[in-house]
Amino acid sequence: MSTAKLVVDGKEYEFPVVEGTEGEHAIDISTLRARSGYITLDPGYANTGSCKSEITFIDGEKGILRYRGYPIEELAASARFPEVAYLLVYGHLPDQDELVDWRRQLTLNSFMHESMHNFFDNFPPTAHPMAIMSSMVASMSTFYPGSGEDETVDENIVRLLAQAKTIAAFSYKKSRGEPMVYPLTSYSYAANFLRMMYATPAEEYDVSPVMERALDLLLTVHADHEQNCSASTVRMVGSSQANLYASISAGISALWGPLHGGANQAVIEMLEGIRRDGGDYKKYINMAKDKNSGFRLMGFGHRVYKNFDPRAKILKAACDDVLDELGVTDPLLDIAKNLEGVALEDDFFVERRLYPNVDFYSGIIYRAMGIPTNMFTVLFAIGRLPGWIAQWKEMREDRAGRIHRPRQIYVGKNKRVFKSVSQREHVESAPRPFATWSYDT
Ligand code: ACO
């Protein structure tokens, strides 16, 4: 076994080097603090492995993504989302019987508890569907308590996967003030969702195979991405032994931000902004290069991928196909391609190794499918569910696992003596916390 040596204050410490199955290396510093009193400082955790995992492998230099060993390109071309979900959660591809049963469970469990419908009535019509989604998933733990227990874990996993699409479609209906449409057990996972979005009690909706396939593909490419911000959040929350629903609800909230899953909405808003501004995409490239502008090219860059994001490659090709098959022309697609073309030639992006990520083209496909912009991240969340669940399950089954609890380096004030308010000096520079309020002391 190879080791790594660290010398601090003239003292030498030796640590084991851990090797993954794909040859990745890590220095196991889990005994560092106990032995030396030192901790490591790694803001943003860019160099910190938080766990060992068997779920997903990424090689960011080579643009490799594999779920349980299967390349994303093969799964995207040949598998369907429910079997990919099974693969991620249970570690192997389902055989014929397992798949039939799994699909059956995913449709039979699609119905929400009837009392949950009341919650929808009390969200304001302008509520963002990600807020509804996160709240509703957390509230499932009130209807199905004990979701962290061994005996019920599998039934809660399937219930969550099955109901997520119903919750998502209902939140869309709510935002339009339309009546809810119940799932049909004869439909596939993706088709059920689309039907619940677009059918009305007055009119049935025929799900086109192109739309069904496109959604299935989008869900599949989003299904897991190892220790990203939301998956780490799920593990962080779950490490306190919080139940499945509470942990996943936290993951949904983490995904919402524009630097993570919320980027798919932000990309379309950016492209629309460029179009409204006359289509001058080069101006926006220059803005992205100017640190003072506060503007970033949304859908570009990735913490791990440094040459290309294989999911973006799949979706760029799918984008052309889906728009073609649906007979949709979208001027935003041209703007996106122009932006990408210029950025890939520009030194600023080349030097920083910034490439389109999964969110750059996904929004254009969602738009072509008629999905409103504020639902994009919800669809990402539905796709990512199997990954979060697999991460939560793996963490929970690791009996040697500990509660997640990073350390810090304190850089605040040293010990001070407390003074009563009449003895305190006025500090000019201190901002008033509630500057617009006045109240008697
Ligand atoms: N536009 C312009 N400049 C960028 C961008 C961008 N999209 N992304 C990174 N940079 C620059 C940074 O300013 C920084 O420059 P510097 O070295 O001169 O200071 C350098 O590239 C490195 O960027 P970091 O922010 O340090 O990279 P990090 O790994 O922390 O962040 C992230 C990755 C959040 C994805 C970032 O690239 C970004 O903000 N992208 C836009 C938002 C986005 O698309 N998010 C979705 C990611 S995929 C996903 O979560 C599903």
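Remember, it's 1-based here, ligands and their atoms both numbered in the order they're listed.
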_Residues K337, D320: salt bridge by 4.0 Å N-O rule_ =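 Salt bridge flag = yes for D320 with K337.
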*Are R396 and D150 within salt-bridge range, i.e. N to O under 4.0 Å?*
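Looking at R396 and D150, the cut-off is met.
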[atom]: the protein heavy-atom neighbour that sits closest, reported with distance to 0.1 Å:
{"atom": "atom 16 (P) of ligand 1", "value": "K291 NZ, 3.2 Å"}
{"atom": "atom 40 (N) of ligand 1", "value": "F300 O, 2.8 Å"}
{"atom": "atom 2 (C) of ligand 1", "value": "A288 O, 3.8 Å"}
{"atom": "atom 50 (O) of ligand 1", "value": "H260 ND1, 2.8 Å"}
{"atom": "atom 42 (C) of ligand 1", "value": "M298 CE, 3.5 Å"}
{"atom": "atom 46 (C) of ligand 1", "value": "L259 O, 3.4 Å"}

*asked:* Residue-level breakdown please: for N228 versus ligand 1, do any non-hydrogen atoms fall below 4.0 Å on the side chain, on the backbone, on both, or on neither?
replied: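 Neither; no heavy atom under 4.0 Å.
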*With backbone taken as N, CA, C and O and side chain as the heavy atoms from C-beta onward, which portion of D359 lies under 4.0 Å from ligand 1: side chain, backbone, both, or neither?*
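Side chain only.
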*In terms of atom number and element, which parts of ligand 1 are under 4.0 angstrom from non-hydrogen atoms of A263?*
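Counting atoms of ligand 1 from 1, those under 4.0 Å from A263 are 43 (C), 44 (O), 45 (N), 46 (C).
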*Atoms in ligand 1 with a heavy atom of R303 nearer than 4.0 Å*: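 Contacts of ligand 1 toward R303, numbered from 1: 28 (P), 29 (O), 30 (O), 33 (C).
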Mind checking whether [X] has a heavy atom under 4.0 Å from ligand 1?
{"X": "F380", "result": "yes"}
{"X": "F348", "result": "yes"}
{"X": "G299", "result": "yes"}

_S239 (side chain) donor-acceptor with I403 (main chain) under 3.5 angstrom_ =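 Looks like no, no N/O pair under 3.5 Å.
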*Does atom 21 (O) of ligand 1 have any protein heavy atom closer than 4.0 Å?*
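Looking at atom 21 (O) of ligand 1, one finds that a protein heavy atom does lie closer than 4.0 Å.
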*Any protein heavy atom under 4.0 Å from atom 44 (O) of ligand 1?*
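When distances to the protein are checked, atom 44 (O) of ligand 1 has a heavy atom within 4.0 Å.
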*CD/E345: more than 12 non-hydrogen atoms of other groups inside 6.0 Å*: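 Atom CD in E345 is not packed in, count stays at 12 or less.
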*Options K289, R352, R296, ranked by nearest heavy atom to atom 12 (C) of ligand 1, top entry*: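 The option holding the nearest heavy atom is R296.
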When you measure from the centre of the six-membered ring of [Y], is the NZ or CZ of [X] closer than 6.0 Å and no more than 45° off the axis?
{"X": "R66", "Y": "F57", "value": "no"}
{"X": "R352", "Y": "F348", "value": "yes"}
{"X": "R35", "Y": "F15", "value": "yes"}

